[in-house]
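Right, one structure below, let's go through it.
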Amino acid sequence: MASTDFAVDITEGRVLRRTPIALTEVRAARQALLEWFRDHARPLPWRRHPRPYAVWISEIMLQQTQVGTVIPYFNRFLRAFPNVRALARARRERVLELWSGLGYYRRSRDLHCAAQIIVRQFGGRFPRSYEAARSLPGVGDYTARSVLSIAYNLPFAVLDGNVARVVSRWRLLRGHVQETRFRQSVELVLEQCLSRRRPGAFNQALMELGQTVCLPRAPRCPVCPLRVGCGAYASGRPESYPEPRPRRRTEVRHLAVAAIRSDSKFALVRGLDESLLPDLWNFPSAFGASRETARRALLDKLSALLSPPPTLPAPRAEIRHSITHRSIRAQIYPVEMAAARRVHGLRWVPAWRLGEVARTGSAAVSALARKVAAAL
DNA sequence: GTCCAGCTTT
DNA sequence: AAAGCTGGAC
């Protein structure tokens, strides 16, 4: 801990000064947090043998994705690619198959590419320096800090949404996660509190506390190790911190989906529509502002693919799905074809690969495609 | 139905 | 500043 009596941080030419947190308070909180983590850390698969490779894979998968969702993906992924060299020499399509259903598919491409860079430029070991780690595709500020602190126990503080929530409540910081000022305030607190001896455990403890105790809407203050000294708890309204971030409104879009079946195979194309899910196999689909415009756009698309184009019957089912700010209403038009002809850009995929079995990574299909298959 | 996870790239 | 995926909580 610095011996100055206030914390100073120079960011973009501005000097921020904040009242320091009393050293005794910092130490008490740090110790309470680390002891809580020692007793309550969940036995997550990437914590069993925390090699840098496993830590890195888990951090990429955990971006925007919940722990419970990640666990089976992580286990399958490490079975398929036990180390960075195995990942580096894998086919891209195979990596995508094992990512199928996890979302944000760009992550898998960047991960694969980064593995090849690690093998070629870093001797097959995840780099130990911030700059080198940051140079890898898919590794931004947060991921570089988390991997280096957890895998190598280097003194980097991490700031994710969980950490921001815990700290804003503990120190009663106003603002929301997207504001630079707010983030700087949180960072100042973290710099004062980070355990220099056990930064990895400290960071994981804060994030775990945010995930399991300091919950957004219903914090479990009675079991929180930071309750003593928590400003939001004292205020009586812990759920009011931090402020909700402004959100872009979601727009409803209609999607027409052709479920073209021949024998027990479905015709799939690469990509969805409007440049969404470009790497994934999907049922031929088209967006529109209404059901009817979507249907017509789908017919246009099918005309370019098949001649003569099939006629579309009445839709058999509607499913709902969300992609970023779009709320998608998908009408499914079942089409039977006599023979599974070879068509350029079309791939016939056995129905069983789209079911629950697909979770084992047998096809690079989106979750949307799986919902469609399940509705048939 | 709304909110939350909540990071990286362009 | 905006876009990208999916699932779960409430």
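Residue numbering restarts at 1 for every chain, and letters A, B, ... go by the order of the sequence lines.
- Using a 4.0 Å heavy-atom distance criterion, Leu159(A) is classed as a sugar-phosphate-only contact.
- Between dT6(C), dC5(C), dT9(B), one nucleotide has an atom nearer to the side chain of Thr324(A) than all others, and that is dC5(C).
- With respect to Glu59(A) and Arg145(A), no salt bridge is recorded, no charged nitrogen being found less than 4.0 Å from a carboxylate O.
- For Thr143(A), the side-chain atoms get nearest to dC7(B) when compared with the rest of dC7(B), dC4(B), dT6(C).
- Between the side chain of Arg107(A) and the base of dC5(C), no donor-acceptor pair of N or O atoms lies under 3.5 Å.
- Residue Leu102(A) contributes atom CG, which lies 13 Å from atom P of dG6(B) at whole-angstrom precision.
- His321(A) has a side-chain polar atom (N or O) that falls below the 4.0 Å cut-off from OP1 or OP2 of dT6(C).
- Atom pair Ile328(A):CD1 and dC5(C):C1' shows a separation of 10 Å (rounding to whole Å applied).
- The interatomic distance linking Ile71(A) (CD1) with dT6(C) (C1') rounds to 16 Å, in whole Å.
- Residues Val70(A) and Gln66(A) form no side-chain contact, since every pair of their non-hydrogen atoms from C-beta on lies 4.5 Å or further apart.
- Under a 4.0 Å N-O distance rule, the pair Arg94(A)/Glu97(A) qualifies as a salt bridge.
- Among the nucleotides dT9(B), dG7(C), dC3(B), the one closest to any side-chain atom of Lys371(A) is dG7(C).
- Salt-bridge annotation for Asp279(A) and Arg109(A): present, with a side-chain N of the basic residue lying under 4.0 Å from a carboxylate O of the acidic one.
- Using C1' as the reference atom, dC4(B) and dC5(C) are 14 Å apart when rounded to the nearest Å.
- As a whole-Å value, the separation of Trp99(A) CH2 from dT6(C) P is 13 Å.
- Salt bridge annotation for Glu243(A)-Arg174(A): present, with a cationic side-chain nitrogen under 4.0 angstrom from a carboxylate oxygen.
- Tyr142(A) has its OH atom 13 Å from the P atom of dA5(B), to the nearest Å.
- Residues Arg329(A) and Pro137(A) both approach DNA chain B. Their nearest nucleotides, taken by heavy-atom distance, put Arg329(A) toward the 5′ side.
- For dC10(C) and dG6(B), the P atoms lie 16 Å apart once the distance is rounded to whole Å.
- Here the side chains of Phe122(A) and Ile117(A) are in contact, with some heavy-atom distance below 4.5 Å.
- Salt-bridge formation is not detected for the pair Arg169(A)/Glu239(A): no Lys NZ or Arg NE/NH1/NH2 atom is positioned less than 4.0 Å from an Asp or Glu carboxylate oxygen.
- Nucleotide dT2(B) forms a pair with dA9(C), judged by Watson-Crick or G-U wobble geometry with both contacts under 3.5 Å.
- Ionic pairing of Arg183(A) and Glu179(A) is not present here: no N-O contact between side-chain nitrogen and carboxylate oxygen is shorter than 4.0 angstrom.
- Between Ile60(A) atom CD1 and dC7(B) atom C1' the separation is 9 Å, expressed in whole Å.
- Arg326(A) comes within 4.0 angstrom of sugar-phosphate atoms only, judged by non-hydrogen atoms across all strands, and of no base.
- When the C1' atom of dG7(C) is taken as reference, atom OH of Tyr104(A) falls 11 Å away, rounded to whole Å.
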Name every donor-acceptor pair, under 3.5 Å, that has one atom in a side chain of residues 216-230 of chain A and the other anywhere in the protein, sequence neighbours excluded.
from      : atom 1 : to        : atom 2 : distance (Å)
Arg220(A) : NH1    : Thr212(A) : O      : 2.7
Arg227(A) : NE     : Cys221(A) : O      : 3.2

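- Across residues 271-280 of chain A, Leu276(A), Leu277(A) each have a non-hydrogen atom less than 4.0 Å from an atom of DNA chain C (numbered order).
- Ranking dT6(C), dC10(C), dC7(B) by closeness to the Arg217(A) side chain, first place goes to dC10(C).
- Taking atom CZ of residue Arg145(A) and atom C1' of nucleotide dG6(B), one finds them 16 Å apart after rounding to whole Å.
- Nearest-nucleotide assignment on DNA chain C puts the 5′-proximal partner with Gln66(A), out of Gln66(A) and Ala218(A).
- One N or O donor and one acceptor, one from the side chain of Gln64(A) and one from the base of dC7(B), sit under 3.5 Å apart.
- Backbone-only engagement by Ser366(A) is indicated by non-hydrogen atom pairs under 4.0 Å involving sugar-phosphate atoms exclusively.
- Nearest nucleotide to the Arg165(A) side chain, out of dA5(B), dG4(C), dT9(B): dA5(B).
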